[in-house]
Protein chains: 2
Amino acid sequence: MHEFLPTHRELLSCRTILVSDTSMLAADLPSITTGLRGLAYWKIEVTGPNRDLHSGHFGGAVANPINILCDLMARMTDADGIITIPGFYEDVDPLSEEERRMLEEIPFDEERYKASIGVRALKGEKGYTTIERNSCRPSFDICGIWGGYTAEGAKTILPSKAYAKVSCRLVPHQRHERISQMFADYVTAIAPDSVQVKVTPMHGGEGYVCPLTLPAYRAAEIGFTKAFGRKPLAVRRGGSIPIVSDFEQVLGVETILMGFGLESDAIHSPNENFSLDMFRKGIRAVVEFHRHAED
Amino acid sequence: MHEFLPTHRELLSCRTILVSDTSMLAADLPSITTGLRGLAYWKIEVTGPNRDLHSGHFGGAVANPINILCDLMARMTDADGIITIPGFYEDVDPLSEEERRMLEEIPFDEERYKASIGVRALKGEKGYTTIERNSCRPSFDICGIWGGYTAEGAKTILPSKAYAKVSCRLVPHQRHERISQMFADYVTAIAPDSVQVKVTPMHGGEGYVCPLTLPAYRAAEIGFTKAFGRKPLAVRRGGSIPIVSDFEQVLGVETILMGFGLESDAIHSPNENFSLDMFRKGIRAVVEFHRHAED
């Protein structure tokens with residue numbers, strides 16, 4: 001799509017784009033997503049010795065690529081949850097007092113939030129609330145990691161390889177290609193010469209903020225109100241839909257994000273689901289959107 | 001075996017035990033292993049949220065168990081390669097000047113060593129040589145690690161679980177059960193309350209040093225000399241054979257370690273092999289050992 005857009009501007013000519021790939025705050029708390037985070041995603045491969053070694057004969061004298069990978073990953077954030085990649089925050093706008101007040105108005109029950117995901121305590125960047133952290137601030141997550149002996153029992157090896165899949169959520173104005181390069185440069189710079197480290201960018205996209213003054217946004221607001229019986233809140237969320245910023249930058253067209261997911265849908269997780277009730281109300285909201293957007 | 005020994009002392013009555021599970025310095029450099037490292041081995045399980053979460057919706061606000069696992073593992077050693085578990089070195093005897101001189105006499109070509117395992121640089125505890133590090137000093141190796149999304153492509157999750165299999169090689173006088181508890185206590189103490197950490201001991205054993213004054217050791221020396229045409233060196237090695245310290249402690253019997261492995265055997269690695277030449281010379285050495293041990 002990224003390559004298709006610039007060469008098909010005529011074909012894609014439109015007033016507004018409707019994307020239904022977001023979620024609401026709760027089934028009884030309709031909301032329209034007005035901001036998305038960007039994304040950068042990498043695969044990291046750390047290579048030590050040319051084969052798995054016996055950890056008794058070599059352990060202590062030869063760098064272990066899993067030990068090194070853990071150390072590199074641990075050094076990407078500090079004790080305050082701040083990302084340590086040099087230059088990472090250069091293009092991050094500080095949250096304005098007004099934005100923070102708006103975010104504070106979103107109903108949020110921290111105890112319920114913790115209970116729903118089964119954790120005793122939350123963790124994130126010092127100085128920010130949970131909603132600020134998961135929607136308006138960047139993040140660093142290791143999505144997957146593997147290496148060495150992972151089957152049953154105890155095998156005593158110093159492995160040859162270790163891998164991780166890693167992503168950062170970005171905020172508007174952080175350019176994913178620039179962040180991607182910064183990360184690769186930093187990992188390479190701090191890696192010891194006892195291993196070889198390869199960083200491969202896998203995916204990326206910019207963040208997005210939808211202007212609330214758009215006539216199409218007003219039409220979406222009416223659609224949600226008719227379907228859910230309550231005026232929707234405008235909220236920035238932490239997910240990423242990279243094509244949306246391409247739509248804006250290449251086609252010059254804004255996107256309305258009318259999505260009907262719920263936290264209980266378990267998205268990107270086993271037993272992902274979508275309720276028929278939200279499906280039917282979502283259809284009604286979109287029908288009403290089209291009716292009013294065409295006015 | 002650990003439980004079998006104390007109840008079968010009569011059955012197992014003997015003068016000396018011969019174990020053939022060690023290696024020589026090189027095919028043309030016969031050596032007898034006179035010391036082994038001990039071992040402690042654990043599985044670590046870090047649990048965060050009760051399911052994999054969408055890293056966009058939750059990333060930055062919820063502790064990621066892989067990030068936490070990497071951080072915990074990185075904190076087990078410091079920048080000088082010293083293990084940071086409190087109390088870990090309490091029972092470690094410092095290497096005497098005489099021991100260090102003996103170790104220095106072992107022929108060792110660092111460039112050849114690095115080339116044979118395919119690394120540009122070695123890495124280990126500050127202030128010790130490679131041979132000291134891999135035979136007479138303890139080590140900390142992550143043998144395996146896994147968690148989150150490890151298949152093809154980019155899946156953006158904040159996973160529910162992360163796992164590692166971890167081992168320490170120990171030196172004589174370090175008791176593996178004590179070390180095992182110290183490790184579990186330390187990991188639990190430094191883990192944040194945003195995750196649950198479970199440490200399961202999987203395996204362990206004490207180190208061993210064979211007295212060079214034993215008549216059986218002299219017999220082994222004759223066996224090696226006759227088979228390889230050269231008097232063997234006495235060397236402490238980094239591997240572990242936990243039952244050997246049980247033989248000493250429970251049966252009161254010393255063990256002679258007559259092993260014929262080579263570095264090129266790739267032990268604990270794919271394509272593990274053993275040469276027929278070493279097999280035949282090993283048979284001869286053992287026959288000669290029995291002949292002279294019976295004198």
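Below, read A as the first sequence line, B as the second, and so on, with proteins coming before strands; counting in each chain starts at 1.
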*Asks:* Could you look at A:A151 and say if it's the side chain, the backbone, both or neither that has a heavy atom under 4.5 Å from chain B?
*Replies:*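 Looking at A:A151, just its backbone touches chain B.
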*Asks:* Please classify the contact of A:T156 with chain B as side chain, backbone, both or neither, using a heavy-atom distance under 4.5 Å.
*Replies:* both
*Asks:* At a heavy-atom separation under 4.5 Å, does A:K155 approach chain B through its side chain, its backbone, both, or neither?
*Replies:* both
*Asks:* If we define contacts as heavy-atom pairs under 4.5 Å, which of A:A266, A:G239, A:S194, A:P138 has the most with chain B?
*Replies:*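 The option with the most such pairs is A:S194.
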*Asks:* Could you give the distance from CZ (B:R51) to CD1 (A:I267), rounded to the nearest 0.5 Å?
*Replies:* 9.5 Å
*Asks:* Does any backbone or side-chain atom of A:L39 lie under 4.5 Å from a heavy atom of chain B? Answer side chain, backbone, both or neither.
*Replies:* side chain
*Asks:* Give a yes or no answer on whether the side chain of B:T150 reaches the backbone of A:G144 with a donor-acceptor pair at less than 3.5 Å.
*Replies:* no
*Asks:* Checking heavy atoms, do the side chain of A:S116, its backbone, both or neither come under 4.5 Å from chain B?
*Replies:*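 For A:S116, the backbone is the part near chain B, not the side chain.
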*Asks:* Could you measure the distance from the CG atom of A:L122 to the CZ atom of B:F58? Nearest 0.5 Å is fine.
*Replies:*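 So the CG of A:L122 and the CZ of B:F58 are separated by 10.0 Å.
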*Asks:* Counting only heavy atoms from other residues, nucleotides and ligands, does the tally under 6.0 Å from CD of B:E177 exceed 12?
*Replies:* no
*Asks:* Classify the ring geometry between B:Y163 and B:W146 as parallel (under 30°), tilted (30 to 60°) or perpendicular (over 60°).
*Replies:* parallel
*Asks:* Which one wins on heavy-atom pair count under 4.5 Å against chain A: B:A162, B:S23, B:A61?
*Replies:* B:A61
*Asks:* Name the member of A:R137, A:M202, A:M76 that forms the most heavy-atom pairs with chain B at distances under 4.5 Å.
*Replies:* A:M202
*Asks:* Checking heavy atoms, do the side chain of A:Y113, its backbone, both or neither come under 4.5 Å from chain B?
*Replies:*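 When you check distances to chain B, only side chain atoms of A:Y113 fall under 4.5 Å.
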*Asks:* Measure distances from B:E132 to the heavy atoms of chain A and classify the residue's part below 4.5 Å as side chain, backbone, both or neither.
*Replies:*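 No part of B:E132 comes within 4.5 Å of chain A.
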*Asks:* If you count heavy-atom pairs under 4.5 Å with chain B, which of A:G148, A:A74, A:C70, A:G124 comes out on top?
*Replies:*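 Top count of heavy-atom pairs under 4.5 Å with chain B: A:C70.
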*Asks:* Select one option (side chain, backbone, both, neither) describing which atoms of B:Y41 are under 4.5 Å from chain A's heavy atoms.
*Replies:*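 Side chain only.
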*Asks:* Side chain, backbone, both or neither: which part of A:V195 has a non-hydrogen atom closer than 4.5 Å to chain B?
*Replies:* backbone
*Asks:* Against chain A, label B:I68 side chain, backbone, both or neither, depending on which of its atoms sit under 4.5 Å from a heavy atom there.
*Replies:* side chain
*Asks:* Go through the atoms of A:L72 and report whether side chain, backbone, both or neither lie under 4.5 Å from a heavy atom of chain B.
*Replies:* neither
*Asks:* Got a sec: does the CG of A:N271 have more than 12 other heavy atoms crowding it under 6.0 Å?
*Replies:*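 No - once you tally the heavy atoms of other residues, nucleotides and ligands closer than 6.0 Å, there are 12 at most.
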*Asks:* If you round to the nearest 0.5 Å, how far is CG of A:L29 from CZ of A:F108?
*Replies:* 12.5 Å
*Asks:* Applying side chain to side chain donor-acceptor pair (under 3.5 Å), run through A:R169 and A:S240 and close with a yes or a no.
*Replies:* CA-CA 8 Å; A:R169 296 288 170 165; A:S240 308; 2.7 Å; yes
*Asks:* Ignoring hydrogens and geometry, is there a side-chain-to-backbone donor-acceptor pair from A:S139 to A:C168 under 3.5 Å?
*Replies:*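 No; zero donor-acceptor contacts below 3.5 Å.
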*Asks:* Using a cut-off of under 4.5 Å on heavy-atom pairs, state which of A:H203, A:H57, A:K114 scores highest against chain B.
*Replies:*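 The residue among A:H203, A:H57, A:K114 with the greatest pair count is A:H57.
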*Asks:* For the CG atom of A:L257 and the CD1 atom of A:I241, what is their distance to the nearest 0.5 Å?
*Replies:* 5.0 Å
*Asks:* Do you know which of B:G59, B:G48, B:P159 has the most heavy-atom pairs with chain A at a distance under 4.5 angstrom?
*Replies:* B:G59
*Asks:* Between CG of B:L25 and CD of B:E263, what distance do you get to the nearest 0.5 Å?
*Replies:* 10.0 Å
*Asks:* Counting only non-hydrogen atoms closer than 4.5 Å, does B:V62 touch chain A with its backbone (N, CA, C, O), its side chain (CB onward), both, or neither?
*Replies:* both
*Asks:* Under a 3.5 Å distance rule, please check whether B:N67 uses its side chain to pair with a backbone N or O of A:F140 as donor and acceptor.
*Replies:* yes
*Asks:* Keeping the roles fixed (side chain from B:R236, backbone from B:S135), state whether a donor-acceptor pair exists under 3.5 Å.
*Replies:* no
*Asks:* Counting heavy-atom pairs under 4.5 Å with chain A, which one of B:S167, B:A154, B:S160 comes out on top?
*Replies:*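 Highest number of pairs under 4.5 Å: B:A154.
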*Asks:* Counting heavy-atom pairs under 4.5 Å with chain B, which one of A:P192, A:S55, A:G238 comes out on top?
*Replies:* A:S55
*Asks:* Report the option among B:A121, B:P270, B:C143 that has the most heavy-atom pairs separated by less than 4.5 Å from atoms of chain A.
*Replies:* B:C143
*Asks:* Taking every non-hydrogen pair under 4.5 Å, which of B:K165, B:M73, B:R237 racks up the most with chain A?
*Replies:*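 So the answer, after comparing B:K165, B:M73, B:R237, is B:K165.
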*Asks:* Any side-chain heavy atom of B:L170 within less than 4.5 Å of one from B:R37?
*Replies:*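 Not touching, per the 4.5 Å side-chain cut-off.
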*Asks:* Look at B:G153, B:G81, B:P65 and state which one has the largest set of heavy-atom pairs under 4.5 Å with chain A.
*Replies:* B:G153
*Asks:* Find the one option among A:L69, A:D141, A:D52, A:I131 whose heavy-atom pairs under 4.5 Å with chain B are most numerous.
*Replies:* A:D141
